[in-house]
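Every heavy atom of this structure was used, including side-chain atoms; hydrogens, water molecules and symmetry mates were not. Source: prediction; values computed, not measured. Position 1 is the first residue of the sequence, and the numbers go up from there.
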Amino acid sequence: METVTGEQCVLAGFGQAVIGPPGSGKTTYVRAMQAVLTAMGRKASIINLDPAGEEEPGAAVSLRELLGLEEVMSELHLGPNGALLYCMEYLQSNLDWLLSRLKSLQGTYLLFDCPGQVELYTHHPALPSILRRLGECGLRLCAVHLVDSHYCTDPAKFISVLCTSLSTMLHIELPHINVLSKMDLIEQYGRLAFNLDYYTDVMDLSYLVDHLTSDPFFRRHRRLHEKLAEVIEDYGLVTFTPLSIKDEQSLQKVLSTVDKASGFCYGDQQRSMGNLMSVAVGADFHFTSTLAFQEKYVEQEKRTVEEETLDL
């Protein structure tokens, strides 16, 4: 097996680590995001890190080439959860295999389709170690945490999602955005107790606790829910970006947020005037002015960002 170590380990570029629980739409998201990136002229490749998922025909690299969940379960007599953890620990120990495959994708925007086991994101060390190693090799990743929007219709489940999202952000240790997926289906799940902004901006959770404890079943656990809400609000880290996978503008908004988080729009790799200015103004920018004006605008935006960073 070819190994990549030391000075050879250079993966200068950008990408997304797409994470989230089973059924949140990770594979559908990476396919749609690859299509959007390709339409924008940004070369993108899918890296399938899920040994239990279906074979992704468009994936440039698949963990199933190294080992699959079924063979691990059969040979080591493990259940599906234990086998999945073993697969990620095996990849962690044999990361040179992945690095050697990624080396051939230099200059490509990488979309990592990660497994759906929540333990990998909240407390197991394998996946954060893998992503950290990729970062040390020069790959600037942003974690995109997908959560099914139907949890918004159940206050108890939404508080659980907030706790899981916060734990994931602290454990993964990457630039991070949380995404409410399947927004086009949310009306099928039931009526929301509050408007959508309340859930995406994670506003005063005391209203959610009050709504939850109106149910006699949850009333005796009110103090527990209040303390969980306090922890979430004290950190002040969790917000959500809504996503409808069939809406290209929704996908572009998520991509714009990711590009800001990862620094793509300000980095040297694959930067173009269009990418930088589109992200800076938060919308697609149509160039009708002269090149001199464009360059002046970019420099002004860069100075504004630097000043805001210094103020923070």
Just by modelled atom types, is the [Y] backbone N or O under 3.5 Å from a matching donor or acceptor in the [X] side chain?
X	Y	result
Q34	A44	yes
Y198	D204	yes
S100	D96	yes
E75	V72	no
H77	M73	no

field: side chain to side chain contact (heavy atoms under 4.5 Å, CB included) evaluation trace for V61 with L105
entry: CA-CA 10 Å; V61 180; L105 298 173; 4.2 Å; yes
query: Do you reckon F218 sits in the same ILVMFWY cluster as I232, going by side-chain contacts under 4.5 Å, direct or chained?
result: yes
query: Does atom OH of Y90 have more than 12 heavy-atom neighbours from other groups under 6.0 Å away?
result: no
task: Taking the six-membered ring for Trp and the full ring for Phe, Tyr or His, determine whether the centres of Y199 and F158 are under 6.0 Å apart.
output: yes
How long is the span from the [atom1] atom in [X] to the [atom2] atom in [Y], to the nearest 0.5 Å?
X	Y	atom1	atom2	answer
L98	I130	CG	CD1	7.5 Å
T164	M169	OG1	CE	13.0 Å
R219	L212	CZ	CG	10.5 Å
F14	R140	CZ	CZ	4.0 Å

query: For residues 231-248, which residue pairs qualify under side-chain hydrogen bond (donor to acceptor under 3.5 Å, both in side chains), counting only residues two or more places apart or in two chains?
result: E248-Q252
message: Please list all pairs meeting side-chain hydrogen bond (donor to acceptor under 3.5 Å, both in side chains) that have one or both residues in residues 15-28, counting only residues at least two apart or in different chains.
response: Q16-Y29, Q16-Y109, T27-D113
- prompt: Is E226 salt-bridged to R222, going by a charged N under 4.0 Å from an acidic O?
  reply: yes
query: With distance as the sole criterion, is a donor-acceptor pair present between the side chains of H124 and Q117 under 3.5 Å?
result: no
statement: Nearest heavy-atom approach of Y189 to S149 is CE1-OG, 4.2 Å
